[in-house]
Trainee: 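Below are the structure tokens for one structure; questions will follow.
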Amino acid sequence: MTAPESQQNAVPRPATTFDDLPLHVTLRQGVREMGYHEPTPIQEGAIPTAVLGRDIIGTAQTGTGKTAAFLLPILERLLDRPRGPIYALVLTPTRELALQAEGFLKKLGRHTRLRGAAVYGGVGMGDQERALRGGAEIVIATPGRLLDHMQRGYVDFRSLRILILDEADRMLDMGFLPDVRRILSRIPRDRQTMLFSATMPPEIVRLSQEFLKDPRIIRVDPTTVAAAGVTHRAYVVSPDRKTDLLIELLRDREMSSVLVFVRTKHRADRLARQLEQRGINASVIHGDRSQSQRVRALEGFRAGHSRLLVATDIAARGVDVEGVSHVVNYDVPREPETYIHRVGRTARAQRRGDAVTLVSREELDEFARVERLLGSEIPRAETPEGMGPGPTQSYQRSTPPSRGIYRGPSAPRLGGNRPHGVGRRPRRY
Ligand code: ADP
Ligand code: MG
């Protein structure tokens with residue numbers, strides 16, 4: 001007997017298998033062929049409710065199997081439907097994510113008659129148009145490109161019954177919201193809507209009430225999941241020695257497959273150039289690269305041809321690469337939640353991984369915000385001789401260490417009562 005009533009804020013109970021979940025035998029076979037033995041907590045929590053057609057807000061850390069948590073219920077609910085109409089729409093923020101989800105869908109749904117299509121920008125419209133005109137029952141799309149197709153008048157959403165917003169925090173932020181609203185205004189209101197995300201800031205939850213009916217909230221605690229399997233460490237380093245330090249770190253053979261995050265496209269290209277000059281092969285993905293360049297970079301990294309993949313957050317968001325041994329934050333992320341997204345790229349599906357952050361003095365405040373979000377201090381490793389953050393010896397005190405109490409950059413301090421060096425450059429005359 002399944003007991004969906006008790007799924008609110010589900011915390012995983014003792015091991016469930018896929019056989020315990022309300023999934024048709026053909027789907028369980030697909031799952032087995034993917035090599036999944038037991039459902040992840042979010043899958044265990046979401047699937048029983050989702051197959052009933054209820055709206056869901058599901059949060060769980062990156063890399064914990066949210067894609068299958070919504071694809072399996074979609075497939076289950078559509079198993080008996082005739083081919084042709086579009087029944088389900090998954091909106092994702094990037095083309096990589098759309099492609100990846102479509103890949104999972106193909107495998108999980110292999111023993112069903114249902115067909116999926118990925119719809120995203122940067123490639124021709126023709127194949128996608130054919131898919132949208134009756135070649136797919138499940139469409140996985142980025143909003144901009146989908147709207148392009150919708151404006152041409154051949155997309156028929158009258159049969160649509162299921163809508164997913166993947167990476168919902170991003171889909172509902174300012175950048176995407178207008179497009180998402182436009183799409184929502186043109187699909188049936190009578191439908192199941194599910195939001196999945198690694199983080200669910202309160203304003204997103206508030207906003208989502210516009211789109212959802214009495215959603216069940218299924219939350220796998222991000223901090224526990226982030227803590228499991230990932231080892232964190234940080235180096236305080238001079239900003240212009242970050243590349244040297246990275247190269248130094250790469251002497252460690254354990255760093256076999258390294259995902260390096262930088263803040264901007266420009267920095268991504270610059271770092272890749274610097275590495276190349278030092279004889280280190282790195283692939284790069286960012287928003288200015290063409291679709292084929294990105295696919296090639298990802299494939300090169302997946303296949304192990306390049307040991308490093310340098311990525312911006314947007315380009316890398318949710319991209320699935322197996323077996324990342326280390327995540328290096330070459331730059332501290334602007335938003336602390338991004339740190340969780342990034343380190344989720346290692347220790348996929350609860351394996352082990354390492355997260356290394358290079359922190360310049362200017363980034364110490366932002367790094368303290370990350371530590372507050374994680375609820376613990378990240379150990380400082382010793383920076384090699386000469387790569388330290390610069391002449392002021394008080395850098396370690398420039399931000400009070402997090403002790404689980406909010407001491408944010410904006411926390412009021414009494415005037416003149418700052419420790420030496422805080423927020424001040426030594427003056428020179
Ligand atoms: P998320 O969307 O939460 O970031 P993904 O759906 O991209 O995570 O899944 C992350 C990785 O975990 C993928 O490689 C996926 O194939 C794998 N995975 C998903 N579910 C399971 C499972 N039940 N058992 C083992 N691996 C899984
Ligand atoms: Mg995902």
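We count ligands from 1, going down the list as the structure has it; atoms in each ligand are counted the same way. Everything quoted here is computed from the prediction, not taken from an experiment.
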Trainee: Give the atoms of ligand 1, by number and element, whose distance to some non-hydrogen atom of T62 is under 4.0 Å.
Mentor: 4 (O)
Trainee: If you count every heavy atom of other residues, nucleotides or ligands that lies below 6.0 Å from E382 atom CD, does the total exceed 12?
Mentor: no
Trainee: Looking at E371 and R380, is any side-chain nitrogen of the basic one under 4.0 Å from a carboxylate oxygen of the acidic one?
Mentor: yes
Trainee: Hey, are E96 and R294 close enough for a salt bridge, meaning a charged N less than 4.0 Å from a carboxylate O?
Mentor: yes
Trainee: Is it the side chain, the backbone, both or neither of Q61 that has a heavy atom closer than 4.0 Å to ligand 1?
Mentor: backbone
Trainee: Check each atom of ligand 1 against the heavy atoms of Q100 and keep those under 4.0 Å away; list them by number with element.
Mentor: 7 (O)
Trainee: What atoms of ligand 1 come closer than 4.0 angstrom to any heavy atom of F18?
Mentor: 23 (N)
Trainee: For ligand 1, which part of F196 has a heavy atom less than 4.0 Å away: the side chain, the backbone, both, or neither?
Mentor: neither
Trainee: Are any of the N or O atoms of P39 closer than 3.5 Å to those of ligand 1?
Mentor: no
Trainee: If the contact criterion is a heavy-atom separation under 4.0 Å, does G63 count as touching ligand 1?
Mentor: yes
Trainee: With a 4.0 Å cut-off on heavy atoms, does E167 reach ligand 1?
Mentor: no
Trainee: Relative to the heavy atoms of T64, which atoms of ligand 1 are at a distance of less than 4.0 Å?
Mentor: 1 (P), 3 (O), 8 (O)
Trainee: Looking at D331 and R263, would you say the former's side chain and the latter's main chain have a donor-acceptor pair under 3.5 Å?
Mentor: yes
Trainee: Answer yes when D190 and K213 have at least one side-chain N-carboxylate O distance shorter than 4.0 Å, and no when they do not.
Mentor: no
Trainee: Taking only heavy atoms of T67 into account, list the atoms of ligand 1 that are under 4.0 Å away from them.
Mentor: 2 (O), 5 (P), 6 (O), 7 (O)
Trainee: Name every donor-acceptor pair, under 3.5 Å, that has one atom in a side chain of residues 119-128 and the other anywhere in the protein, sequence neighbours excluded.
Mentor:
from, atom 1, to, atom 2, distance (Å)
D127, OD1, R130, NH2, 2.6
Q128, OE1, R145, NH1, 3.0
Q128, OE1, H149, NE2, 2.9
Q128, NE2, Y120, O, 3.0

Trainee: Got a donor-acceptor contact below 3.5 angstrom from the R170 side chain to the E167 backbone?
Mentor: no
Trainee: Can you list the atoms of ligand 1 that are under 4.0 Å from a heavy atom of F104?
Mentor: 6 (O), 7 (O), 13 (C), 15 (C), 16 (O)
Trainee: Does any N or O of ligand 1 fall below 3.5 Å from an N or O anywhere on H37, backbone included?
Mentor: no
Trainee: Have a look at ligand 1 and work out which part of E38, if any, has a heavy atom under 4.0 Å from it: side chain, backbone, both or neither.
Mentor: backbone
Trainee: Looking at residues at least two apart in the chain, or sitting in another chain, which of them share a salt bridge (charged side-chain N to carboxylate O under 4.0 Å, His left out) with R181?
Mentor: E210
Trainee: Looking at R307 and M255, would you say the former's side chain and the latter's main chain have a donor-acceptor pair under 3.5 Å?
Mentor: yes
Trainee: Is ligand 1 under 4.0 Å from a heavy atom in the side chain of F70, in the backbone, in both, or in neither?
Mentor: neither
